[in-house]
Amino acid sequence: MIADAQITFLPSADLERSRAFYEGVLGLELVVDQGTCHIFAVADGAFLGTCQRDTVDVAEGVIFTFVTDDVDGWTTHILASGGRIESGPDHSAQYRIYHAFLRDPDGHRLEIQRFDDPNWFTATTS
């Protein structure tokens, strides 16, 4: 399966400090503000997200996210292939997404996600 886009999320102890760094220092464009998470455009179809957390555990905080309209299809495929879904798929009203979490064989957290707004990606590329 091929995803439509990719987001890597990083935890942040100070979301505004992170925003200043990614916008001001690295020059990335903020494309989605979810309140407690900010998503920045990195390249065509590639994004970096920062999310406010009370503590930052780098080893546990990184999430590799596959963005696709077919969250249920991916979930079915993963389960049929012997994988295990950690949670979901379910809807997050806070982030306005439909998603599921799983782990790769090394324990890295992966997410399969669909935005409720089908035009989110279009808005980031115009």
For the atom pair [atom1] ([X]) and [atom2] ([Y]), what is the distance rounded to the nearest 0.5 Å?
| X | Y | atom1 | atom2 | result |
| --- | --- | --- | --- | --- |
| Gln6 | Thr8 | CD | OG1 | 3.5 Å |
| Leu102 | Ile112 | CG | CD1 | 5.5 Å |
| Phe115 | His99 | CZ | NE2 | 11.0 Å |
| Ile97 | Glu111 | CD1 | CD | 5.0 Å |

A side-chain contact here means heavy atoms from C-beta on lying under 4.5 Å apart; do [X] and [Y] qualify?
| X | Y | value |
| --- | --- | --- |
| Ile78 | Arg84 | no |
| Phe40 | Thr50 | yes |
| Ile7 | Gln113 | yes |

Give a yes or no answer on whether the side chain of [X] reaches the backbone of [Y] with a donor-acceptor pair at less than 3.5 Å.
| X | Y | result |
| --- | --- | --- |
| Gln52 | Ala13 | yes |
| Ser92 | Tyr95 | yes |
| Thr68 | Asp70 | yes |

Query - Same cluster (ILVMFWY, side-chain, under 4.5 Å), Ile63 and Val31 - result: yes

Requested in this report: Could you tell me which residues satisfy ring pair (Phe, Tyr, Trp, His ring centres under 6.0 Å) with Phe9, sequence neighbours excluded, listed by chain and number?
Outcome: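 Phe9 satisfies ring pair (Phe, Tyr, Trp, His ring centres under 6.0 Å) with no other residue.
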
**Report entry** Partner residues of Phe64 under the ring pair (Phe, Tyr, Trp, His ring centres under 6.0 Å) criterion, sequence neighbours left out
**Finding:**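 Per chain and number, Phe64 pairs via ring pair (Phe, Tyr, Trp, His ring centres under 6.0 Å) with Phe66.
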
Report task. Go through the structure and list residues passing salt bridge (charged side-chain N to carboxylate O under 4.0 Å, His left out) with Glu23, not counting sequence neighbours. Result ->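 Applying salt bridge (charged side-chain N to carboxylate O under 4.0 Å, His left out) to Glu23 gives Arg19.
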
